[in-house]
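Below is one structure, written out as structure tokens, with a few remarks after it.
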Amino acid sequence: MAVTTLTLPAPAKLNLFLHITGRRPDGYHNLQTVFQFLDYGDTLKFHTDKTDGQFRLIDNSSQIPEQENLVWKAQAALKQAYKEKGIEQLPGCTIELIKHLPQGAGLGGGSSNAATALVGLNRLWGSHFSSSELQKIGGKLGADVPVFIHGQACFAEGIGDIFTDVSPPELWYLVVKPEVSISTAELFSHPQLKRDCAVVSAQNWDTQNVTNVFEPVVCDLHTEVAMLRRALLEYAPTRLTGSGACLFSSFETRQAAKEAQQHVPKGLRSFIAQGQNRSPLIQTLTQ
């Protein structure tokens, strides 16, 4: 039996800031943000079998119905793209998804899983698609999928799909997940959401002159987030990532982050990770 295995990371991301600069004619918002990856995330293990054309997903932790899982959707989308190239006979594959990232955290876990699935399967199936082609496939699965395929810290504009590579400091982060469930759709429709931020650029943004426009709305709707943010600010600069719910505090050293972690309220999930301007997924593939 011909079996090929591959193990790849699906790293978390942070939005170092997040602005909305206006609405688009299609109803979407124009965004500006900086994505940076973390050396922490989920893992996907690929097992291909050339004697079997079936796909199987092993996911024992996310509790998402199989065909709603972004890994499942990613393989279906890539299989269709291969079919459109005239390549229909593909090896079967089992993907084991090992989750470490909390769901609904603003860390891009599902999107990263989808990106790693696309990149890994493309390699196992013959690398018929370029990175830019995979990004187009991934963009149909979710707005954050392309940046994980792009694999480089970047200043993103448009709906988050126009990238300019940047190299922010690779700081140490304490990431904490409050026990709240946040609806991104509710946030985008909230009347207090700031939608007219001044435009910045990849050359002139700085953590001191930018913010996350969702942060005051989330803190207003969820007192637990506001209280945790105030507590973390005692130790380091702290910001919401994405539309939440995770907060991240930045430190110059791992030791400083570990000392602050001792003060995280019991019962809350937290982890320490270092920022990575080159995605761990891309690092693994080029080793």
Side-chain angles (χ1 to χ4, degrees), residues 9-22 24 28-41 101 105-109 111-112 114-116 118-119 130-136 138-139 142-175 194 196-215 236-244 246-254 257 272-286:
K13 59 82 178 170
L14 294 178
N15 294 87
L16 300 188
F17 79 94
L18 181 51
H19 284 182
I20 298 175
T21 59
R24 297 157 54 99
Y28 287 93
H29 292 78
N30 279 315
L31 308 176
Q32 290 193 310
T33 189
V34 165
F35 290 107
Q36 188 179 46
F37 307 100
L38 297 179
D39 62 353
Y40 182 90
L101 296 172
L107 299 171
S111 295
S112 186
T116 295
L118 289 172
V119 170
S130 66
S131 175
S132 61
E133 289 173 322
L134 289 178
Q135 288 177 47
K136 290 180 182 178
D144 284 347
V145 176
V147 75
F148 287 104
I149 299 171
H150 177 70
Q152 174 67 37
C154 59
F155 181 94
E157 301 176 90
I159 57 172
D161 60 343
I162 303 170
F163 304 141
T164 301
D165 291 349
V166 294
S167 298
E170 294 180 328
L171 300 174
W172 289 92
Y173 298 104
L174 167 61
V175 183
K194 183 175 176 60
D196 59 351
C197 296
V199 174
V200 295
S201 72
Q203 292 73 39
N204 70 8
W205 78 278
D206 182 270
T207 54
Q208 303 302 313
N209 65 11
V210 292
T211 186
N212 183 331
V213 292
F214 290 111
E215 192 172 282
T238 298
R239 183 164 287 170
L240 192 78
T241 184
S243 56
C246 275
L247 293 163
F248 65 96
S249 303
S250 54
F251 301 85
E252 293 291 336
T253 66
R254 179 182 180 85
I272 294 169
Q274 188 174 22
Q276 300 284 291
N277 290 337
R278 194 160 177 252
S279 165
L281 172 61
I282 304 305
Q283 293 184 45
T284 299
L285 288 169
T286 56

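We're numbering straight along the sequence, starting at 1.
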Can you list everything that forms a side chain to side chain contact (heavy atoms under 4.5 Å, CB included) with Glu133? Sequence neighbours excluded, please.
Phe129, Ser130
Quick one: side-chain hydrogen bond (donor to acceptor under 3.5 Å, both in side chains) partners of Thr253, sequence neighbours excluded?
none
List the residues meeting side-chain hydrogen bond (donor to acceptor under 3.5 Å, both in side chains) with Thr21, not counting sequence neighbours, and say none if there are none.
none
Qualifying residues under ring-ring contact (aromatic ring centres under 6.0 Å, His included), relative to Tyr40, sequence neighbours excluded:
Phe271
Reported CD1-to-CD distance for the pair Ile282 and Gln276, which is rounded to 0.5 angstrom
12.5 Å
Residues in side chain to side chain contact (heavy atoms under 4.5 Å, CB included) contact with Ile272, at least two apart in sequence or another chain:
Trp172, Leu174, Arg254, Ala257, Lys258, Gln261
Phe37 vs Gln283, side chain to side chain contact (heavy atoms under 4.5 Å, CB included): CA-CA, chis, key distance, verdict
CA-CA 12 Å; Phe37 307 100; Gln283 293 184 45; over 6 Å; no
Rounded to the nearest 0.5 Å, what separation is found between the CG atom of Asn15 and the CZ atom of Phe248?
7.5 Å
Is there a donor in the side chain of Thr286 and an acceptor in the side chain of Arg278, or the other way round, less than 3.5 Å apart?
yes
Residues in ring-ring contact (aromatic ring centres under 6.0 Å, His included) contact with Phe17, at least two apart in sequence or another chain:
His19, Trp205
Results of side-chain hydrogen bond (donor to acceptor under 3.5 Å, both in side chains) for Ser111 - residues two or more places apart only:
none
Measuring from Ile20:CD1 to Tyr28:OH, what's the distance to the nearest 0.5 Å?
14.0 Å
Residues in side chain to side chain contact (heavy atoms under 4.5 Å, CB included) with Ala143, at least two apart?
none
Test: salt bridge (Lys or Arg N to Asp or Glu O under 4.0 Å). Region: residues 196-206. Which pairs qualify, not counting sequence neighbours?
Lys194-Asp196
Of all the heavy-atom pairs spanning Pro169 and Gln36, show the shortest one and how long it is.
O-NE2, 3.2 Å
For Arg24, enumerate each residue passing the salt bridge (Lys or Arg N to Asp or Glu O under 4.0 Å) test, keeping only those at least two apart in sequence or located in another chain.
Asp26
Contacts of Gln274 that satisfy side-chain hydrogen bond (donor to acceptor under 3.5 Å, both in side chains) - sequence neighbours left out:
none
Tabulate below the donor-acceptor pairs under 3.5 Å that side-chain atoms of residues 145-164 make, not counting sequence neighbours, or state none.
from: His150; atom 1: NE2; to: Asp165; atom 2: OD1; distance (Å): 2.6
from: Gln152; atom 1: NE2; to: Asn277; atom 2: O; distance (Å): 3.2
from: Glu157; atom 1: OE1; to: Gln32; atom 2: NE2; distance (Å): 3.2
from: Asp161; atom 1: OD1; to: Ile159; atom 2: N; distance (Å): 3.4

Nearest-0.5 Å distance that lies between atom CG in Leu16 and atom OG1 in Thr211:
12.5 Å
Which heavy atom of Pro280 sits nearest to which heavy atom of Leu38, and what is that distance?
CG-O, 3.5 Å
